[in-house]
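As structure tokens, the structure follows; a few thoughts come after it.
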Amino acid sequence: MTVRTRFAPSPTGFLHIGGARTALYNWLYARKHGGQFILRVEDTDAARSTAESQAIILNGLRWLGLDWDEGPEVGGDHGPYYQSERSAIYESYLEKLQSADLVYEDEGALRFRVPDRDIVVKDVVCGDVSVNLKEQGSRRYDAELKKEVDANPDIVIRRPDGSFIFHFVNVVDDIEMGMTHVLRGEDHLSNTPKHMALYEAFGADVPTFAHIPLNLNPDGSKMSKRSEGANIYDYIDQGFLPSAVNNYMALLGWSSGGDREIYQSLDELVEDFDLSGVNKANSKFDIKKCIWVNAEHIKALDAPAFAEASGPFLEKAGIDTSDARVPAALELARERAEKLSEVPAVLLPIFQDDLEYDRDSVDKVVSKDGIAEVVSTLADYLEKNDDWQGDAIKASIKDAAASIGAKMGAFMLPCRVAATGSTAGADLVPMLEMIGQEKAVARVRAFAEQFLG
RNA sequence: GACCCGUUCGUCUAGCGGUCUAGGACUCCGCCCUUUCACGGCGGCAACACGGGUUCGAGUCCCGUACGGGUCGCCA
């Protein structure tokens, strides 16, 4: 039997990291087993389900590289893939239940009679979970009264207005679409017995369930829309690589069993992915480690890929990406940019006309003894350099230092701050080379004038 | 409140009865490399929630307690 998994998001105008990870696990599982990954849009809430909010999901998945074999814009033999278009199917499944006398009306809504026996969920991750719906559903907790009250254990499957409830459509769709494996968040584990009761009532095979642990905030609370790291689009905006996000998401709740931390691509993840490596316990989201993973991915990028990925960020900062110095400048940036959004800051001192001096950096340099002489000597030697490239530039700085009996080290920091505006930055000599002699000398002199005059 | 799931360094995790004086990674700190900034290398801090069993032997199995999360909707 061919493996079929799915991701069934509700278009809310937001692609949550938790949802993306669920999609990733399903995608990985399908690819690992040569199966199909299906995308189904649970757009029963018409108000929230706009074309825009659907595009957010589709584009987010595309950015991650999680392509679907069937679904919106792709089609397939099990459509339609929008729940809003599947009413006829739901009606026919409702009739099955009705003809078996498993449904009755209650204040205009329809309820499904749950069986009075233990239902065992054989979960791949959580093990066997046994629940009696009749018993468990006969009482419910009233949040306002803060106590238990009597309840009807039979579950509502259709509202008085004719619209169907999640549990019902979810099961019907999974049956109709031939899902063999359902990997979803652990928050659905307690709902699964209900789903199984429905599968059995329909006489359908129950898929293999695997409930994956949740990703929580660092303080242990549930990740909401506003939680740091929750929105996939923040990763795009901040210059994360999709491969890095996949890498980090995969490792939050799953481990290959070894020490491997870096997976350069989805293919590498597919290679190692296995449900037996999925953890049972919830995990806390750590943006710092995610950033580290991203930095590793940036370092591993080949030059053209790095240039392409950085392009939008450079343009946004006003750097002309067609400038011949850009490729070399990018190599200076890659080992110090953990996110692509940090790349422009490294290159700006090279490409920007006006320099902004970092106050702290300036203070650090200006307070040194004999700094005026250091800077003016430096400017003189840089100016009389007649071979503006790496080694020769370095020699000029060295000679400048020697001329007043100082060490080269004493000249590097002043030179860095005067020419680039900050104590922090990329390798200095290549920077000077790209800045150009004329501009570099002018900057050093301007620095002297502005802060040492 | 009932039910369900879980509990190894601050965080992500390895560990599937003896090889654990518990390994790796992130973070933090120190040292080295670098006459600059980083990268890198080396080292350090730091954990089996607690209590009972089972066993010759338990981080690993069982029970209980505590704590955390989830579900109890005519939301998905």
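Chain letters run A, B, ... following the sequence lines, proteins first and then strands; every chain starts at 1.
Using a 4.0 Å heavy-atom cutoff across all strands shown, A:Glu107 reaches at least one base atom of the nucleic acid. Here A:His167 lies in heavy-atom contact (under 4.0 Å) with a base. Among the protein residues, A:Asp187 comes within range of the sugar-phosphate backbone only, with heavy atoms under 4.0 Å from sugar or phosphate atoms but none that close to a base. Using a 4.0 Å heavy-atom distance criterion, A:Ala281 is classed as a sugar-phosphate-only contact. Residue A:Gly253 is classed as a sugar-phosphate contact, given heavy-atom separations below 4.0 Å to backbone atoms only. Note on A:Lys398: a base of the nucleic acid sits closer than 4.0 angstrom, heavy atoms only. Looking at heavy-atom distances under 4.0 Å, A:Thr423 makes contact with sugar-phosphate atoms alone, never a base. Using a 4.0 Å heavy-atom distance criterion, A:Asp142 is classed as making no nucleic acid contact.
Checked by distance alone, A:Glu261 brings a side-chain donor or acceptor within 3.5 Å of a matching partner on the base of B:G24.
For A:Ser283, the listed nucleotide lying nearest its side chain is B:U13; candidates were B:U13, B:G69, B:A76. Considering only the side chain of A:Met412, B:U36 comes nearest among B:G24, B:G69, B:U36. Counting only heavy atoms from C-beta on, A:Glu186 has its side chain closest to B:G69 among B:G69, B:G1, B:C12. Taking the side chain of A:Asn279 as heavy atoms from C-beta on, and the options B:U13, B:A76, B:U11, the nearest nucleotide is B:U13. For A:Leu216, taking side-chain heavy atoms from C-beta onward, the closest of the listed nucleotides B:G69, B:G23, B:C26 is B:G69. Of the candidates B:C5, B:C37, B:C72, the closest approach to any side-chain atom of A:Arg336 belongs to B:C37. Closest contact between the side chain of A:Val129 and the listed nucleotides B:C4, B:C37, B:A25 involves B:C4. Checking B:C5, B:C3, B:G6 against the side-chain heavy atoms of A:Lys280 singles out B:G6 as nearest. Between B:A76, B:G24, B:U71, one nucleotide has an atom nearer to the side chain of A:Ser190 than all others, and that is B:U71. Among the nucleotides B:U71, B:U13, B:C26, the one closest to the side chain of A:Lys222 is B:U71.
We find that CG of A:Asp286 is positioned 13 Å from C1' of B:C28, with the value rounded to whole Å. With rounding to whole Å, A:Gln136 atom CD is found 12 Å from B:G70 atom C1'. Distance, A:Ile119 CD1 to B:C3 P: 18 Å, rounded to whole Å. For the pair A:Leu330 CG and B:A38 C1', the computed distance is 16 Å after rounding to whole Å. A:Ile397 places its CD1 atom 13 Å from the P atom of B:C37, with the value rounded to the nearest Å.
Regarding contacts with the backbone of B:A76, a side-chain N or O of A:Thr44 is found under 4.0 angstrom from either OP1 or OP2. At B:G73, one or more side-chain N or O atoms of A:Arg140 fall inside 4.0 Å of OP1 or OP2 (strictly under the cut-off). A close approach under 4.0 Å does not occur between any side-chain nitrogen or oxygen of A:Lys299 and OP1 or OP2 of B:A38. The shortest distance between the side-chain N/O atoms of A:Lys288 and the OP1/OP2 oxygens of B:U27 is not below 4.0 Å. The side chain of A:Asn282 contributes no N or O atom lying less than 4.0 Å from OP1 or OP2 of B:U7.
When ring centroids are compared, A:Phe273 and A:Trp254 come within the 6.0 Å threshold.
Across all strands shown, B:A14 has no partner, as no Watson-Crick or G-U wobble contact with both distances under 3.5 Å is found. The pairing partner recorded for B:C31 is B:G41, the criterion being a Watson-Crick or G-U wobble arrangement whose two distances lie under 3.5 angstrom. Here B:A22 sits opposite no nucleotide as a Watson-Crick or G-U wobble pair (both hydrogen-bonding atom distances under 3.5 Å). Using Watson-Crick or G-U wobble geometry with both donor-acceptor distances under 3.5 Å, B:G6 finds its partner in B:C67.
For A:Ser221 and A:Gly425, each mapped to the nucleotide of RNA chain B holding its nearest heavy atom, the one lying further toward the 5' end belongs to A:Gly425. Nearest-nucleotide mapping onto RNA chain B: of A:Ala151 and A:Asp128, the residue sitting toward the 5' end is A:Asp128.
A donor-acceptor pair shorter than 3.5 Å can be found between the side chains of A:Asp116 and A:Asn132.
Between A:Tyr93 and A:Val169 the shortest side-chain heavy-atom distance does not fall below 4.5 Å.
With A:Gln83 contributing its side chain and A:Val41 its backbone, the two residues share no donor-acceptor pair below 3.5 Å.
Between A:Ile397 and the options A:Leu382, A:Thr377, A:Asn385, a side-chain contact (heavy atoms from CB on, under 4.5 Å) holds for only A:Leu382.
A syn orientation is assigned to B:C39, its glycosidic angle lying within 90° of 0.
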Could you go through residues 238-249 of chain A and list every donor-acceptor pair under 3.5 Å that involves a side-chain atom there, pairing it with any protein atom two or more places apart or in another chain?
{"from": "A:Gln238", "atom 1": "OE1", "to": "A:Lys339", "atom 2": "NZ", "distance (Å)": "3.2"}
{"from": "A:Ser243", "atom 1": "OG", "to": "A:His297", "atom 2": "ND1", "distance (Å)": "2.8"}
{"from": "A:Asn246", "atom 1": "ND2", "to": "A:Leu64", "atom 2": "O", "distance (Å)": "2.9"}
{"from": "A:Asn246", "atom 1": "ND2", "to": "A:Pro242", "atom 2": "O", "distance (Å)": "3.3"}
{"from": "A:Asn247", "atom 1": "OD1", "to": "A:Tyr263", "atom 2": "N", "distance (Å)": "2.8"}
{"from": "A:Asn247", "atom 1": "OD1", "to": "A:His297", "atom 2": "NE2", "distance (Å)": "2.8"}
{"from": "A:Asn247", "atom 1": "ND2", "to": "A:Glu261", "atom 2": "O", "distance (Å)": "3.1"}
{"from": "A:Tyr248", "atom 1": "OH", "to": "A:Asp286", "atom 2": "N", "distance (Å)": "2.9"}
{"from": "A:Tyr248", "atom 1": "OH", "to": "A:Asp286", "atom 2": "O", "distance (Å)": "3.1"}

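Ring-plane geometry between A:His16 and A:Phe14 is classed as tilted, the angle between the planes lying from 30 to 60 degrees on a 0 to 90 degree scale.
The cationic atom of A:Arg40 (NZ for Lys, CZ for Arg) does not lie both less than 6.0 Å from the six-membered ring centre of A:Tyr82 and within 45° of the ring axis.
If you take atom C1' in B:G15 and the same atom in B:C29, they sit 28 Å apart, rounded to whole Å.
Under the stacking definition used here (centres under 5.5 Å, planes under 30°), the residue A:Tyr141 qualifies as stacked on the base of B:G1.
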